[in-house]
Amino acid sequence: MAKSKHILLIIGGGIAAYKAAELIRLIRKSGMTVRCVLTESGAQFVTPMTLAALSENEVHTTLWSLKDEAEMGHIQLSREADLIVICPATANLLAKMVGGIADDLATTLLLATDSPVLAVPAMNVRMWQHAATQRNIAQLRKDGIKVMHPDEGAMACGEFGPGRLPEPEAILSEIVRQLGGEPGSAGLAGENELGANPLDGQPAFAPDQHRPLHGKHVLVTAGPTHEPIDPVRYIANRSSGRQGFAIAAAAAEAGARVTLVAGPVHLPTPAGVLRVDVETALEMERAVQNALPAEVAIMVAAVADWRTDSQAGQKIKKEGAAPAPLQLTENPDILAGLARHEQRPGLLIGFAAETEKIADHAKAKLEKKSCDWIVANDVSGPVGESVMGGADNSVHIVTGTGTEIWERLPKAEVARRLVAKIIEELANV
Ligand code: CTP
């Protein structure tokens, strides 16, 4: 689909600008053309020469070029693109867009364009979390700009958290999606080289099935939640997020639109998946409800059962011999809440972490949480060998009609089989 599409790539001033070079390579490789606009601060990080060589197109840097105005006005430049991609989108660029400021070529184009715009933010974690940035992003989304969620991880500045530029492969998948293409489709994100693929490169469904989840929205939760005690301590669990990420990847490969609500984990975002990072159970609940409606929801996250009553504003100090008592409050049950929701997904799947009487406890959970299936793991075993955090899983699938047991399998294989079972179920509805 992408053969004749044209991208206008605006490169803002951040250390992640160097990744724009790789993005250009991937865009070209997928058959699209790309023309670059480099901001003044972007030019501190990459040179016009690099971008021109990779894009095989002239690079535009200034509003005041007579040659450009004679040959191609900035209005035309902004309108000829099928999609404008801002990568990296700095906090400053985003703020200017919200205010409608047009004081250089990039911001003028963004104000003048009638093409769709995809912003790919990258910035320091504190800048990302700042109320001003979050307010700006909410406004831009209301204005119809697609804003990708940044990845979480170690940053060039030495800090850690959300704010990293997503991998170029994930950006390409989003570009394809914005252009009306199909993430995970052959030749694009489905290829190993072009997508973070927790599925070991194996397709999630038989090649003769043509994208069986196309048109469906699949919502997945993954990872643990962190419940803060004070600014430096939190309650957590050993969930790695790997099973949930593999399921999200398998559903995207099968053609679904996938929203992955991820607790704090350091895994790359699977190709073609929309990731929403959260920290606490309350944030996860909000993100899940915001993502509705969905045809299928798979709640893989190991949600902390309790949070502290109140969070200390300062680090709690050791005072005397007795440890400070923690007052806990129960977290909402996100899965049970979804089962009662007026937009309840047609197929609602819970996971269960059990250390004994797996099938019995799973059946009880199916009833208690009013979901359609429970995928129960045996998480007993010593730390390091347990399913939690490990590469393999062995599961009981409990449905209204019976129980299947899948003996020890890699998590990617569990994901593939589960998605195949979902496809079968939806075909029978
Ligand atoms: N779950 C949820 N919200 C919670 C707790 C759990 O949505 N506050 C979901 C999990 O994502 C999973 C399922 O409920 O899909 C079961 O999680 P599990 O931790 O096994 O069960 P709990 O309800 O916490 O029960 P218990 O800890 O007593 O076994």
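Side-chain contact check for Leu77 versus Arg35: some heavy-atom pair is nearer than 4.5 Å. The side-chain heavy atoms of Leu165 and Asp151, taken from C-beta on, include no pair separated by under 4.5 Å. Using a 4.5 Å heavy-atom cutoff, the side chains of Ile235 and Ile229 are in contact. Taking the side chain as every heavy atom from C-beta outward, Val296 and Pro345 never approach each other to under 4.5 Å. Side-chain contact between Pro121 and Met123: present, with at least one pair of heavy atoms (C-beta onward) separated by less than 4.5 Å. Annotation: side chain of Leu38 is not in contact with side chain of Thr47 (no heavy-atom distance under 4.5 Å). Counting heavy atoms from C-beta on, the side chains of Val220 and Phe245 never come closer than 4.5 Å. The shortest side-chain heavy-atom distance between Cys371 and Leu366 falls under the 4.5 Å cut-off.
For Ala249 against Pro270, the heavy-atom pair with the smallest separation is CB-CB, 3.7 Å. The two residues Leu94 and Ala89 make their nearest non-hydrogen contact at CD2-CB, 3.9 Å. Across all non-hydrogen atoms, the minimal contact from Gly12 to Thr90 is C-CG2, 4.2 Å. Here the closest heavy-atom approach between residue Ile374 and residue Phe351 is recorded as CD1-O, 4.3 Å. Heavy atoms only, all atoms of each residue included: Met127 and Ala91 are closest at CE-CB, 3.9 Å. Leu23 and Cys87 get closest at one heavy-atom pair: CD2-SG, 3.9 Å.
A distance-only check finds a donor-acceptor pair linking the side chain of Thr221 to the backbone of Ala301 [under 3.5 Å]. Between the side chain of Thr308 and the backbone N or O of Pro228, at least one donor-acceptor pair lies under 3.5 Å. Under a 3.5 Å cut-off, the side chain of Thr39 and the backbone N or O of Ile11 do form a donor-acceptor pair. Panel note: side chain Asp372, backbone Ile349; no donor-acceptor pair is recorded below 3.5 Å. Side chain of Ser115 to main chain of Asp82: no donor-acceptor pair is present (N/O by atom type, distance under 3.5 Å, no hydrogens or angles). Although no hydrogens or angles enter the test, the distance criterion places no donor-acceptor pair under 3.5 Å between the side chain of Asp143 and the main chain of Ile145. Proximity of a side-chain donor or acceptor of Asn331 to a complementary backbone N or O of Ala304 within less than 3.5 Å is detected. Of the possible donor and acceptor atoms, one in the side chain of His361 sits under 3.5 Å from a partner among the backbone N and O of Glu356. Although no hydrogens or angles enter the test, the distance criterion places a donor-acceptor pair under 3.5 Å between the side chain of Glu227 and the main chain of Ala281. Side-chain atoms of Asn237 come within 3.5 Å of backbone atoms of Ser239 as a donor-acceptor pair (strictly under, hydrogens ignored).
A salt bridge does not link Lys421 to Glu424: none of the charged nitrogens lies less than 4.0 Å from a carboxylate oxygen. In summary, Arg416 and Glu413 engage in a salt bridge, as defined by a charged side-chain N under 4.0 Å from a carboxylate O. The existence of a salt bridge linking Arg177 and Glu174 is confirmed by a sub-4.0 Å separation between a basic side-chain nitrogen and an acidic carboxylate oxygen. Between Asp392 and Lys411 there is no salt bridge, since none of the side-chain N atoms of the basic residue sits less than 4.0 Å from a carboxylate O of the acidic one. With respect to the salt-bridge test (charged N to carboxylate O, under 4.0 angstrom), the residues Arg28 and Glu56 qualify. The pair Asp378-Arg408 fails the salt-bridge criterion, with no side-chain N (NZ, NE, NH1 or NH2) lying under 4.0 Å from an Asp/Glu carboxylate O.
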**Test log, rule side-chain contact (heavy atoms from CB on, under 4.5 Å), inputs Leu9 and Val37** = CA-CA 6 Å; Leu9 179 63; Val37 169; over 6 Å; no
**Message:** I'd like to know whether Val218 forms a side-chain contact (heavy atoms from CB on, under 4.5 Å) with Arg257, so could you lay out the CA-CA distance, the side-chain angles of the two residues, the decisive distance to 0.1 Å, and finally the verdict.
**Reply:** CA-CA 6 Å; Val218 174; Arg257 176 164 76 84; over 6 Å; no
**Prompt:** Would Gln311 and Asp230 satisfy side-chain contact (heavy atoms from CB on, under 4.5 Å), going step by step from the backbone distance to the final call?
**Reply:** CA-CA 5 Å; Gln311 188 193 335; Asp230 67 17; 5.6 Å; no
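Here the OG1 atom belonging to Thr269 is positioned 8.5 Å from the CD atom belonging to Glu167, to the nearest 0.5 angstrom. To the nearest 0.5 angstrom, Asp333 atom CG is 8.0 Å from Asp305 atom CG. Of the inter-residue distances, the one linking Arg275 atom CZ with Thr259 atom OG1 reads 13.0 Å to the nearest 0.5 angstrom.
At a cut-off of 3.5 Å, with distance as the only test, no side-chain donor of Ser78 or Gln76 sits close to an acceptor on the other residue. Under the 3.5 Å distance criterion, with hydrogens and angles disregarded, a donor-acceptor pair is assigned to the side chains of His6 and Thr33. Side chain to side chain, Asp104 and Thr107 meet the donor-acceptor criterion of an N or O pair below 3.5 Å. Checked by atom type, the side-chain pair Asn393/Gln243 shows a donor-acceptor distance below 3.5 Å.
For Phe45, the CZ atom counts as densely surrounded, since its 6.0 Å shell holds more than 12 non-hydrogen atoms of other residues, nucleotides or ligands. No more than 12 heavy-atom neighbours from other residues, nucleotides or ligands sit within 6.0 angstrom of CZ on Arg126. Residue-environment remark: CD (Glu367) stays at or below the threshold of 12 foreign heavy atoms within 6.0 Å.
In this pair, His149 and Trp128 present their aromatic rings perpendicular. The plane angle is above 60°, beyond the 30 to 60° band.
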